[in-house]
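Note that ligands are numbered from 1 as they come in the structure, with each ligand's atoms numbered from 1 the same way. Residue numbers count from 1 along this sequence.
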Amino acid sequence: MTKIAIIGSGYVGTTTAAVFASKGHSVICIDRDKPKVDAINNGECTIFEPGLKELISSSVSKGSLRASLNIAEAKDSEVFLICVGTPMKADGSADLDYIEGAAKDIGSALKDRSKYFVVATRSTVPPGTARNIVLPAVEKASGKKAGQDFGVCMVPEFLREGHAVQDFTNADRVVIGELDSKSGDMLNEVYSCIKGPKLRCGLPEAEMIKYMANSYLAKDISFANEMANLCKSEGIDYWTVKKGAQLDSRISPRSFLVAGLGFGGSCFPKDVRAIRALAKKNNLNTFVLDATLKADAEQPLKLIEQVAKDFELKNKKIGVLGLAFNPDTDDIRESKSLILIEELIKRKAKVLAYDPKAIENFRKESNLNAELASSGQELIDKSDIILIATAWKEFKDLSYKDKPVYEGRKLFDSANPPKNYKGGICW
Ligand code: NAD
């Protein structure tokens with residue numbers, strides 16, 4: 001059992017905390033946001049992730065998980081995991097202010113400590129961040145020496161929102177970037193409860209692995225859309241083509257060739273831009289990354305064009321089913337639904353939207369002028385045309401009657417579409 005402090009209680013921090021606490025570690029969550037801290041201490045959670053609330057509730061009852069606004073309460077911890085946000089700056093690069101702030105907070109809280117501890121970054125950060133930002137910030141604020149009084153690691157997170165608990169518990173891999181083997185041994189011990197192969201490496205390699213993985217997956221989506229757009233134009237079924245291509249032993253059947261509205265979410269768009277900004281700083285071309293982003297920006301508008309070919313959009317009531325960027329999450333950051341709604345409003349359509357979990361976040365975070373329905377069925381009943389923007393499974397069971405239905409995400413089996421199915425964005 002290790003005493004762990006987790007700085008930042010968002011999607012990554014809360015999942016990490018809840019799983020480690022359920023595996024027998026003693027965990028304290030530190031966040032600056034009081035509602036998040038209060039929710040955890042009440043055995044609840046301010047975000048939606050399948051299975052997360054249950055894990056938090058049981059760990060808080062057992063006494064293995066608690067939260068605080070005050071990092072001084074974490075000063076006995078042996079391992080500090082930084083899980084704060086790394087948003088995008090105007091030039092596309094990663095904003096590391098929260099990372100530096102968290103590292104300073106940790107250092108200040110540990111000034112009087114004599115026992116060795118490790119500070120590990122779990123947020124997605126450009127290569128060099130652990131060594132050049134986290135390490136000096138902790139040294140300066142604590143007066144201690146890295147490699148002697150404390151260790152430094154970079155352990156990137158690869159979870160998918162909507163599958164966070166499952167992905168964290170049964171990881172495809174755990175990457176432990178380490179300043180030295182003493183730092184890495186401590187993280188290796190903490191992660192011994194997590195299934196999945198472990199790769200130990202240097203700090204910048206661990207930082208770069210996360211960017212390469214996300215850029216690769218984003219590129220796969222833009223590539224899939226390019227192929228699928230062509231298939232649709234030629235009257236070819238993309239999903240059969242995908243299946244056949246994936247029978248090639250060099251193309252994994254698990255590869256991410258999912259066609260649709262494109263990628264969204266809090267990670268792919270900002271991570272591709274951040275690594276592209278780093279390449280530009282190195283005077284390197286980024287042909288693949290540039291094309292990935294350009295294709296992704298154009299893709300959702302294809303769905304609107306498809307509807308506009310069949311109907312005059314002005315004054316039509318368009319029902320947008322789904323606001324979250326993926327099913328099984330309440331996160332609307334960079335969701336393609338927002339692009340659809342914005343474009344529909346521009347074209348003078350009236351928008352009615354619904355999501356099973358993301359309505360509150362839409363109300364808080366978006367200023368788009370869309371009416372909100374209280375159920376998927378109400379949305380269908382009140383709309384002239386339906387767009388599927390998020391593939392929530394429950395949308396399959398709604399009664400679409402004879403309303404025209406367009407898919408931006410693959411939801412229906414081709415054998416069993418709604419009565420007035422108008423097709424998918426690229427199938
Ligand atoms: P988030 O925005 O949901 O949460 C970040 C939290 O950090 C917030 O609650 C904020 O209040 C808190 N915070 C900021 N500074 C703090 C400080 N000094 N002390 C205490 N709390 C502080 O972020 P997220 O989605 O969990 O992502 C966190 C990082 O993990 C990002 O770098 C992201 O790119 C990466 N990541 C995210 C995912 C994902 O699916 N969300 C997956 C893998 C990696």
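Below 3.5 Å of separation, one finds an N or O of K36 facing an N or O of ligand 1. Considering backbone and side-chain atoms alike, R160 places every N or O at 3.5 Å or more from each N or O of ligand 1.
Shown in contact with G8 at under 4.0 Å from a heavy atom are these atoms of ligand 1, numbered in order with element: 6 (C), 7 (O), 12 (C), 21 (N). Close approach of ligand 1 to S123 (heavy-atom distance below 4.0 Å) involves ligand atoms 29 (C), 30 (O), 32 (O). The distance from ligand 1 to the heavy atoms of I30 drops below 4.0 Å at these ligand atoms: 20 (C), 21 (N). When each atom of ligand 1 is checked for a heavy atom of Y98 under 4.0 Å away, the hits are 14 (C), 15 (N). The distance from ligand 1 to the heavy atoms of S266 drops below 4.0 Å at these ligand atoms: 41 (N). The contact set between ligand 1 and K270, taken as ligand atoms under 4.0 Å from a residue heavy atom, comprises 33 (C), 34 (O). Residue G85 approaches ligand 1 through these ligand atoms, each under 4.0 Å from one of its heavy atoms: 5 (C).
In this structure, the protein non-hydrogen atom closest to atom 30 (O) of ligand 1 is V12 CG2, 3.4 Å. In terms of protein heavy-atom proximity, atom 24 (P) of ligand 1 is nearest to Y11 N, 4.0 Å. Looking from atom 17 (C) of ligand 1 to the surrounding protein, the closest heavy atom is R32 NE, 3.4 Å. Of the protein's heavy atoms, E157 O, 3.3 Å lies nearest to atom 43 (C) of ligand 1. Among protein heavy atoms, the minimum distance from atom 31 (C) of ligand 1 is reached at T86 OG1, 3.5 Å. Closest to atom 35 (C) of ligand 1 among all protein heavy atoms lies T124 OG1, 3.5 Å. Looking from atom 25 (O) of ligand 1 to the surrounding protein, the closest heavy atom is R333 NH2, 3.0 Å. Looking only at protein heavy atoms, the nearest one to atom 4 (O) of ligand 1 is G10 CA, 3.2 Å.
Taking a 6.0 Å sphere around OH of Y191, one finds it holds more than 12 heavy atoms contributed by other residues, nucleotides or ligands. Summarising the local packing, CD of E205 is surrounded by more than 12 heavy atoms from other residues, nucleotides or ligands at distances under 6.0 Å.
Because its NZ or CZ atom is not both nearer than 6.0 Å to the ring centre of F150 and within 45° of the ring axis, K144 does not count as a cation-pi partner of that residue. A cation-pi arrangement is not found for R333 relative to F325, the charged atom failing to lie both closer than 6.0 Å to the ring centre and inside a 45° cone about the ring normal. Within the cation-pi definition used here (under 6.0 Å to the ring centroid, within 45° of the axis), K182 qualifies as a partner of Y116.
Looking at D33, D31, I7 and measuring to atom 11 (O) of ligand 1, the nearest heavy atom belongs to D31. When I82, D105, D331, V84 are checked for heavy-atom proximity to atom 22 (C) of ligand 1, V84 turns out nearest.
Under the 4.0 Å criterion applied to side-chain N and carboxylate O atoms, E49 and R160 are not assigned as salt-bridge partners.
Ring geometry for F168 against F20 counts as perpendicular: the plane angle is over 60°, on a 0 to 90° scale with 30° as the lower cut.
Only backbone heavy atoms of C83 (N, CA, C or O) come within less than 4.0 Å of ligand 1; its side chain stays farther off.
Of the candidates F395, Y400, Y406, F412 forms a ring pair (Phe, Tyr, Trp, His ring centres under 6.0 Å) with just one, namely Y400. Between R122 and the options V12, V84, I6, I7, a side-chain contact (heavy atoms from CB on, under 4.5 Å) holds for only V12.
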- So D237 and K242, salt bridge (charged side-chain N to carboxylate O under 4.0 Å, His left out) or not? Walk me through it. CA-CA 9 Å; D237 178 46; K242 172 180 182 285; over 6 Å; no
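The two residues A391 and K410 come nearest to each other via the heavy atoms CB-O, 4.0 Å.
No hydrogens or angles considered: a donor-acceptor pair under 3.5 Å links the side chains of S335 and S337.
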